Undergrad: 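The structure follows.
Order of the sequence lines fixes the chain letters, A, B, ..., with proteins taken first and strands second; residue numbering starts at 1 for each chain. These figures come from a predicted structure and were not determined experimentally.
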Number of protein chains: 2
Amino acid sequence: MLNNRVRELRARYGFTQSDLGKQVEVTRQTIAFIEKGEFSPSITLALKLAKALQTNVDELFWLEGDEKDEK
Amino acid sequence: MLNNRVRELRARYGFTQSDLGKQVEVTRQTIAFIEKGEFSPSITLALKLAKALQTNVDELFWLEGDEKDEK
DNA sequence: TTTTCATGTTTGGTTTATATAACATAATGT
DNA sequence: ACATTATGTTATATAAACCAAACATGAAAA
C-alpha cells in the first residue's frame, strides 16, 4: 500500500486542494483522492506535486513496509 | 515529457527486461514501454523500480525541463 | 546450422487514473 | 440570516496504464 504526505505539506504551505490542483494541472477531486490514498498517481503527477510542495518524490510517497515506516 | 534512466540502470545490473519485470511485478512489455518513454508509470511502480535498481525515484525519473536536463 | 534468448512491436482486453458535475456540510464573513 | 469557501463524497465517462498473447529479429550459444 502507498502512503503519502500530501495533505501535511499542502497544509504547511497554506494551499487549498484547488490551489494545489491548479499548480499541478489536475482537479481538486484528484488531489482529494490522492490524499485519501485511494489511488496511485502517475509519476508525472507525483513529480509535479513534489515540485509544488518543495520536496522530492521519495519524501512525498512511500510504500508501506519501506524505510519511512520503520519508525 | 518524462525522461528516465531505467534502461541504463537495468543494464548496469545485468538484468533483462523480464528479470526486472518479475522483480517489480509487471510484464516485460510494460518495462519496454517505460524504457521507451511511452507512458508514465504509477508511482507505486516507480517506487518498486527505484528499489530494484538501488536508486530513488527522483534519480530514475524526471520531467523534461527540470534539473537533470540543465546539463 | 539450429536453438535459445533478449528485445521490438502489435493487438485486444481489463483495470485504474483522472475529469466533470453534482450535492452535502461545516466554517467564516457580510 | 445569507453568501462564500474548503472539503467530503458519489456518479458517470474517458484516457491511459497494464496484461496476455502472438510474431518477428538479431545475437549468442550449442
Undergrad: Between S40(B) and dA16(D), does any side-chain N or O lie under 4.0 Å from OP1 or OP2?
TA: no
Undergrad: Reckon Q17(B) has a side-chain N or O less than 4.0 Å from the OP1 or OP2 of dC5(C)?
TA: no
Undergrad: Looking at K36(B), I'd like to know whether one of its side-chain N or O atoms comes within less than 4.0 Å of OP1 or OP2 on dT7(C).
TA: no
Undergrad: If I take atom CG in residue N4(B) and atom C1' in nucleotide dA17(D), what distance separates them, rounded to the nearest angstrom?
TA: 15 Å
Undergrad: Under 3.5 Å, is there a donor-acceptor pair between the Q17(B) and E35(B) side chains?
TA: yes
Undergrad: Is there a side-chain polar atom (N or O) of S18(A) under 4.0 Å from OP1 or OP2 of dA6(D)?
TA: no
Undergrad: With sugar-phosphate meaning primed atoms plus P, OP1 and OP2, does E25(A) contact a base, only sugar-phosphate, or nothing at under 4.0 Å between heavy atoms?
TA: sugar-phosphate
Undergrad: For the pair made of CD in E38(A) and C1' in dA17(C), what is the distance, rounded to whole Å?
TA: 12 Å
Undergrad: Could a donor-acceptor pair under 3.5 angstrom be found where the side chain of Q29(B) meets the base of dA21(D)?
TA: yes
Undergrad: If only side-chain N and O atoms of T27(A) are considered, is one of them under 4.0 Å from the OP1 or OP2 phosphate oxygen of dT20(C)?
TA: no
Undergrad: Looking at side-chain heavy atoms only, is the closest gap between L49(A) and T55(A) below 4.5 Å?
TA: no
Undergrad: Output the rounded distance in Å from CD1 (I31(A)) to C1' (dG8(D)).
TA: 15 Å
Undergrad: For T16(A), which contact category applies under a 4.0 Å heavy-atom criterion: base, sugar-phosphate, or nothing?
TA: sugar-phosphate
Undergrad: Could you go through the salt bridge (charged side-chain N to carboxylate O under 4.0 Å, His left out) check for D66(B) and K51(A) one step at a time?
TA: CA-CA 10 Å; D66(B) 275 25; K51(A) 194 174 188 180; 2.9 Å; yes
Undergrad: When you measure from the side-chain N and O atoms of S42(A) to the phosphate of dT18(C), is any distance below 4.0 Å, counting only OP1 and OP2?
TA: yes
Undergrad: Would you say R28(A) reaches dT9(D)'s phosphate, i.e. side-chain N/O to OP1/OP2 under 4.0 Å?
TA: no
Undergrad: Return the value, rounded to whole Å, for the distance between atom CZ of F33(B) and atom P of dT11(C).
TA: 11 Å
Undergrad: Between R7(B) (CZ) and dT7(C) (C1'), how many Å, whole number?
TA: 8 Å
